[in-house]
Every structure is written in C-alpha cells, then in structure tokens.
Amino acid sequence: AADAALLGVSATFLREFVTSPAFTREWPADTPKTTLAVRDVIILPQTAAKQCSLVNWLKEERADHAELVGRATVHVTHALLYKFTDLVQVLLEFAEKHPDKQVYFW
C-alpha cells in the first residue's frame, strides 16, 4: 500500500465530486466556489470526524471504489482563491490528453 502522503485522487473522483450534491448545492452569494471554500465547506466537515486527509477518508469510506485513489502521478500547484471548477477543468483536460495513463493528482 502506498504511503498516504504519496496518494492522489483520480480524474474519476474529480468528475464525480463536481457533480455531487455537496458541490452542486446552492452556495451563499458571498462565498465563491474557490478551492479554499470547497476545502472549508465540503472537505473539512466531511473528514473532520475521522481527522484524516481526503485520500485517507476515500480509502476507508469508498473502499469499494479503489480507482478513486492511487499513488500520485501528477503534482498540482494552484491558488486557493481561484475557482475550483477552473482547476478541475484543467486537470480533467490533462487526464484526457493522457488516456494511456492512470492519472492521480496530488
């Protein structure tokens, strides 16, 4: 098993996440869907009870979907105050340009 510090999420997870009810619900007008807001509004509350990272939470809670988490193959640097959907779009485009590889983003 890969060290949790080396794990990333798949394009499959990202597609699922941005269409999930947690993400598509109506947000307060004064809270843009930045990466920071997504972390604070969705990810931290979801992982708080287990006090773990998202990848560890996924490995435990979604163990039946092993393709969602894997050894990171792409390191992503981004700004927390930019739109999360812009980030996801770029990552999905990258994955689509590399169909011969299983891509996991860290």
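Every value quoted in this text rests on a predicted model; they were computed, and no experiment measured them.
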Trainee: Mind checking the CG-CG spacing from L7 to N56? Nearest 0.5 Å is all I need.
Mentor: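 Reported to 0.5 Å precision, the distance equals 7.0 Å.
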
Trainee: Only one of L68, V76, L58 forms a side chain to side chain contact (heavy atoms under 4.5 Å, CB included) with V9, so which one is it?
Mentor: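 It is L58; the other options fail the test.
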
Trainee: Might you work through the side chain to side chain contact (heavy atoms under 4.5 Å, CB included) test for R25 and V41, ending with a clear yes or no?
Mentor: CA-CA 11 Å; R25 71 180 183 189; V41 173; 2.5 Å; yes

Trainee: Which residues pass the side-chain contact (heavy atoms from CB on, under 4.5 Å) test with A72, sequence neighbours left out?
Mentor: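 A72: side-chain contact (heavy atoms from CB on, under 4.5 Å) contacts with W106.
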
Trainee: For the side chain of T47 and the backbone of I43, is there at least one donor-acceptor N/O pair under 3.5 Å apart?
Mentor: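 Yes: the side chain of T47 pairs with the backbone of I43.
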
Trainee: Kindly state each residue pair satisfying salt bridge (Lys or Arg N to Asp or Glu O under 4.0 Å) with at least one member in residues 42-56, sequence neighbours excluded.
Mentor: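 Listed by first then second residue: K50-E60, K50-E61.
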
Trainee: Once side-chain contact (heavy atoms from CB on, under 4.5 Å) is applied, do any residues pair with A22, and if so which ones, sequence neighbours excluded?
Mentor: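 So A22 forms a side-chain contact (heavy atoms from CB on, under 4.5 Å) with S20, I42.
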
Trainee: Hey, any chance V90 and V38 share a hydrophobic cluster, counting ILVMFWY side chains that come within less than 4.5 Å of each other, even indirectly?
Mentor: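 In one cluster with V90: V38, no.
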
Trainee: Given T12 and L14, is the side chain to side chain contact (heavy atoms under 4.5 Å, CB included) satisfied, shown in steps?
Mentor: CA-CA 5 Å; T12 300; L14 292 173; over 6 Å; no

Trainee: Is W27 linked to L87 within one hydrophobic cluster, defined over Ile, Leu, Val, Met, Phe, Trp and Tyr using a side-chain heavy-atom separation of less than 4.5 Å?
Mentor: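 Yes, it is one cluster - the side chains of W27 and L87 are joined through contacts under 4.5 Å.
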
Trainee: Excluding sequence neighbours, so at least two apart, what forms salt bridge (charged side-chain N to carboxylate O under 4.0 Å, His left out) with R62?
Mentor: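 By the salt bridge (charged side-chain N to carboxylate O under 4.0 Å, His left out) rule, R62 matches E16.
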
Trainee: Supply the members, apart from L81, of the Ile/Leu/Val/Met/Phe/Trp/Tyr cluster built from side-chain contacts under 4.5 Å; use none for a lone residue.
Mentor: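 Taking Ile, Leu, Val, Met, Phe, Trp and Tyr as members, L81 shares its hydrophobic cluster with L36, L80.
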
Trainee: State which residues pass side-chain contact (heavy atoms from CB on, under 4.5 Å) with V18; sequence neighbours excluded, sorted by chain then number.
Mentor: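 If we apply the side-chain contact (heavy atoms from CB on, under 4.5 Å) test to V18, skipping adjacent residues, the hits are F23, F84, V88.
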
Trainee: When the side chains of residues 91-103 are checked against the rest of the protein, which donor-acceptor pairs come out under 3.5 Å, sequence neighbours left out?
Mentor:
from, atom 1, to, atom 2, distance (Å)
E93, OE2, Q89, NE2, 3.1
H98, ND1, F94, O, 2.8
Q102, NE2, Y104, OH, 3.3

Trainee: side-chain contact (heavy atoms from CB on, under 4.5 Å) with K83: which residues, sequence neighbours excluded?
Mentor: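 In terms of side-chain contact (heavy atoms from CB on, under 4.5 Å), with neighbours along the sequence ignored, K83 is linked to T85, D86.
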
Trainee: Mind checking side chain to side chain donor-acceptor pair (under 3.5 Å) for R39 and listing every partner two or more places apart, or none if nothing turns up?
Mentor: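 R39: no side chain to side chain donor-acceptor pair (under 3.5 Å) contacts found.
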
